[in-house]
Number of protein chains: 2
Amino acid sequence: MGTSLFPDSSNPKPLLVDGARLNKILLELAKYGRNDHGGIDRVSFSEADRNARQYVIELMKNAGLDVTIDAAANIIGRRKGNNADAKPIMLGSHIDSVPSGGNYDGQVGSAAAVEVAQILHENNQITRHPLEFVIFSNEEGGKTGSRAMAGEIETSELDIMTASGFTIGEGLRANSGDPDKLTKVKRLKGSIAGFLELHIEQGGILEKEGLTIGVVEGIVGIKRWSVTVKGFTNHAGTTPMTERRDSLVAAAQFIQAVHRIAKNMSGRQVATVGKITPEPGAPNVIPGRTSLTLEIRDLDMVIIDNLFKVLVKESKLIGEETGTQFAFDQFYLSKAALTDDLFRKVIEEETEKLGFSYTRMPSGAGHDAQSIAQLAPVGMIFIPSLGGISHSPKEKSRSKDIEAGANVLLQSLLTLDHQLS
Amino acid sequence: MGTSLFPDSSNPKPLLVDGARLNKILLELAKYGRNDHGGIDRVSFSEADRNARQYVIELMKNAGLDVTIDAAANIIGRRKGNNADAKPIMLGSHIDSVPSGGNYDGQVGSAAAVEVAQILHENNQITRHPLEFVIFSNEEGGKTGSRAMAGEIETSELDIMTASGFTIGEGLRANSGDPDKLTKVKRLKGSIAGFLELHIEQGGILEKEGLTIGVVEGIVGIKRWSVTVKGFTNHAGTTPMTERRDSLVAAAQFIQAVHRIAKNMSGRQVATVGKITPEPGAPNVIPGRTSLTLEIRDLDMVIIDNLFKVLVKESKLIGEETGTQFAFDQFYLSKAALTDDLFRKVIEEETEKLGFSYTRMPSGAGHDAQSIAQLAPVGMIFIPSLGGISHSPKEKSRSKDIEAGANVLLQSLLTLDHQLS
């Protein structure tokens with residue numbers, strides 16, 4: 001690659017990113033916080049994070065962007081448009097990682113945004129809308145940057161200790177932000193024309209179906225419950241099998257039901273039990289009480305609630321059968337955020353024009369786009385994660401898929417620049 | 001009660017215990033270590049334990065016994081027989097409790113043994129065999145006293161910390177024993193004519209069937225395994241239900257199978273999963289690895305092994321179905337100890353003569369009789385536990401059942417005294 005062609009109205013040849021340069025940026029980024037397993041330890045506010053941010057700031061400056069850091073430590077590279085009245089189109093992602101993370105989560109979308117800026121710069125192509133290229137702050141540790149833009153940060157969060165050894169407040173300061181001025185970061189609803197984010201899928205659907213692009217329909221909503229099963233504690237030697245009210249046996253039946261029912265329903269809902277604690281928890285005692293977590297995710301909050309109702313009903317039957325009682329206590333809620341219909345259509349059309357295969361799909365994981373969706377129409381583009389692995393040094397996406405995703409990002413931006421008011 | 005009649009060959013009226021006195025001893029014993037829940041905290045080597053031991057020693061002395069404390073801190077009250085060549089018949093139990101224990105476990109058999117000694121003393125009835133009335137040391141914390149008699153104590157056990165705050169070694173010393181001389185406690189096989197223990201059932205079978213006496217067939221053997229289920233850790237949001245290799249779902253299916261198979265087999269085997277730990281153990285992560293404990297008990301070690309084989313086979317099917325792998329590692333073995341056939345018959349006949357109902361049954365819990373069975377023929381007598389509850393302040397046995405059990409103990413002793421060489 002490296003060549004780039006101006007669009008031509010009669011026989012349009014699209015502007016394309018430099019795939020080799022883009023993948024080289026990712027290789028360079030992988031050096032900041034590299035660990036022994038081939039992945040990175042680059043949690044937000046760490047030294048590796050600060051160094052990687054400096055590297056990206058230099059790339060942005062080279063791409064002619066006007067770089068500032070806001071109070072939430074978001075790195076924002078601005079580029080003027082030729083329509084003085086137009087609101088900015090924003091694109092970007094994050095470069096911080098989970099502990100022992102991989103080289104693609106967040107980084108693909110961030111590097112692609114920088115490459116889009118570079119290509120526009122090299123080709124002197126001025127969009128109608130001003131553009132903002134954003135590296136959001138502390139995505140993995142609570143989406144601090146994007147949530148600050150949406151005005152969703154609680155002051156108490158600033159005291160949360162992070163894996164960097166800093167609290168979020170201290171970390172913001174260390175990364176040139178200002179925790180006392182977070183309200184200034186807040187954007188008004190309607191003040192952004194739109195937001196585009198390219199990201200790795202973090203699941204295995206695209207790879208399994210042999211597709212290049214996922215057109216994200218939205219970021220799923222999440223509800224979590226603490227479930228308590230009450231039975232009767234008894235001696236595991238003296239209590240016959242027929243006389244037991246074993247809370248763990250009842251819980252096991254429930255876990256089976258959660259998996260079976262969520263799997264057999266039509267739709268793409270997922271339901272998970274990730275944690276379970278029987279009490280007293282000794283090999284020779286029938287557990288009288290077992291607590292576990294239940295998580296349900298779907299794009300549609302109604303589907304989450306309906307599945308939950310079915311599971312509660314099922315738990316009553318299990319309770320009657322096993323002499324136990326189930327209680328449910330919701331402790332977490334994250335509302336679903338849908339992508340914009342125009343954005344989906346534009347992404348699909350550009351993907352088709354570029355000759356890539358695609359499917360529509362939900363995002364099971366949370367993203368910065370989730371908060372920005374409170375302010376503006378958003379679009380998200382997924383590329384395949386090999387083996388569906390993420391948050392691991394084994395996380396991997398193919399170079400050609402990264403290039404494809406960046407080209408879909410660039411073309412969608414250019415088309416939306418024409419279509420958005 | 002309070003009256004006692006000498007046996008008469010033509011129309012035998014049996015010697016009977018003083019039920020009121022026996023139940024009063026239990027009420028007195030309940031004062032040592034009494035807790036707020038109506039039960040006792042009288043773990044071995046605690047001050048409450050020492051005080052209760054002193055109380056029992058006084059009762060033994062009043063009953064004319066020659067009381068000594070051996071190196072394992074067993075309290076032994078001796079009574080001479082009229083046959084110089086006969087080996088001693090032993091009877092007894094323990095008076096230490098689990099933390100937050102009840103007023104019957106061990107105490108019923110201990111108080112009944114003391115009452116038997118008292119009745120024999122009051123009636124000047126001399127048995128052919130010498131008698132040893134034993135309060136075994138630290139039953140709940142590892143059967144230290146009875147296992148020392150059987151020569152089963154490992155030196156390393158003396159360093160085990162107990163709930164009293166003393167190690168077992170320190171505790172033995174505090175209770176007038178001597179941990180350096182434990183080998184002197186060991187009895188030779190064949191040196192005891194027989195052993196009888198009265199105990200509460202600690203299960204709910206006798207009460208449920210409306211019976212007074214359980215003729216114990218033996219103390220069940222126990223095997224315990226650590227079971228590991230390996231699946232694949234993944235994101236609970238991005239991994240579709242059909243693509244999961246969830247180790248906890250597989251473990252849940254196994255727990256169900258353990259319960260179902262042990263319940264549906266003929267026989268009285270019990271199988272329990274009391275502990276389970278999924279990893280990483282977060283609400284939003286599919287557990288890649290789950291470890292759990294499996295315990296199987298039966299009177300017949302072959303039945304334990306056969307049930308285990310069935311469960312391993314079942315785990316392979318579950319593994320294939322769920323994309324997981326099961327591994328089993330045995331970490332505990334306690335061999336079954338059968339009671340003596342003559343002892344069972346004598347207990348049954350005496351129970352019938354006294355007009356009580358009975359059934360033969362295994363003991364699902366461990367007892368001092370288990371170790372003494374290595375040295376001599378043993379017999380065990382159970383009385384009902386209300387609600388099958390034990391190791392709890394709610395543990396309860398009816399006064400009339402306690403008296404019935406003590407009378408069966410006394411009559412079985414007298415008959416065995418005639419029948420044993």
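Lettering of chains follows the sequences in order, A, B, ..., and the numbering in each one begins at 1. Because the structure is a prediction, the values reported are computed rather than measured.
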* Asked: Is it the case that more than 12 heavy atoms not belonging to A/K143 sit under 6.0 Å from its NZ atom?
  -> yes
* Structure fact -> Ranking B/H391, B/H235, B/E201 by heavy-atom pairs under 4.5 Å to chain A gives rank one to B/H235
* **Side chain / backbone / both / neither for A/V285 at chain B, heavy atoms under 4.5 Å** => backbone
* Asked: Taking every heavy-atom pair that is under 4.5 Å apart, which of B/L248, B/T277, B/V220 has the most such pairs with chain A?
  -> B/L248
* Part of A/E279 lying under 4.5 Å from any heavy atom of chain B -> neither
* Against chain B, label A/T238 side chain, backbone, both or neither, depending on which of its atoms sit under 4.5 Å from a heavy atom there. => both
* Contacting region of B/P240 [heavy-atom separation from chain A under 4.5 Å] -> both
* Toward chain B, the part of A/I205 with a non-hydrogen atom under 4.5 Å -> side chain
* Contact part of B/R268 toward chain A, heavy-atom cut-off under 4.5 Å: side chain, backbone, both or neither? -> neither
* Could you check whether the rings of A/W225 and A/F308 sit parallel, tilted or perpendicular, using 30° and 60° as the cut-offs? => parallel
* **Engaged part of A/N284 at the chain B interface, taking heavy atoms whose separation is under 4.5 Å** => both
* So which part of B/Q202 gets closer than 4.5 Å to some heavy atom of chain A, the side chain, the backbone, both or neither? -> both
* So which of B/A236, B/P287, B/A251 has the largest heavy-atom pair count under 4.5 angstrom toward chain A? -> B/A236
* **Part of A/F254 within contact of chain B (heavy atom distance under 4.5 Å)** => neither
* Structure fact -> Rounding to 0.5 Å, atoms CD (A/Q370) and OG (A/S146) come to a distance of 8.5 Å
* With chain A, which of B/I255, B/I286, B/V270 has the greatest number of heavy-atom pairs at distances under 4.5 Å? -> B/V270
* Asked: At a heavy-atom separation under 4.5 Å, does A/R260 approach chain B through its side chain, its backbone, both, or neither?
  -> neither
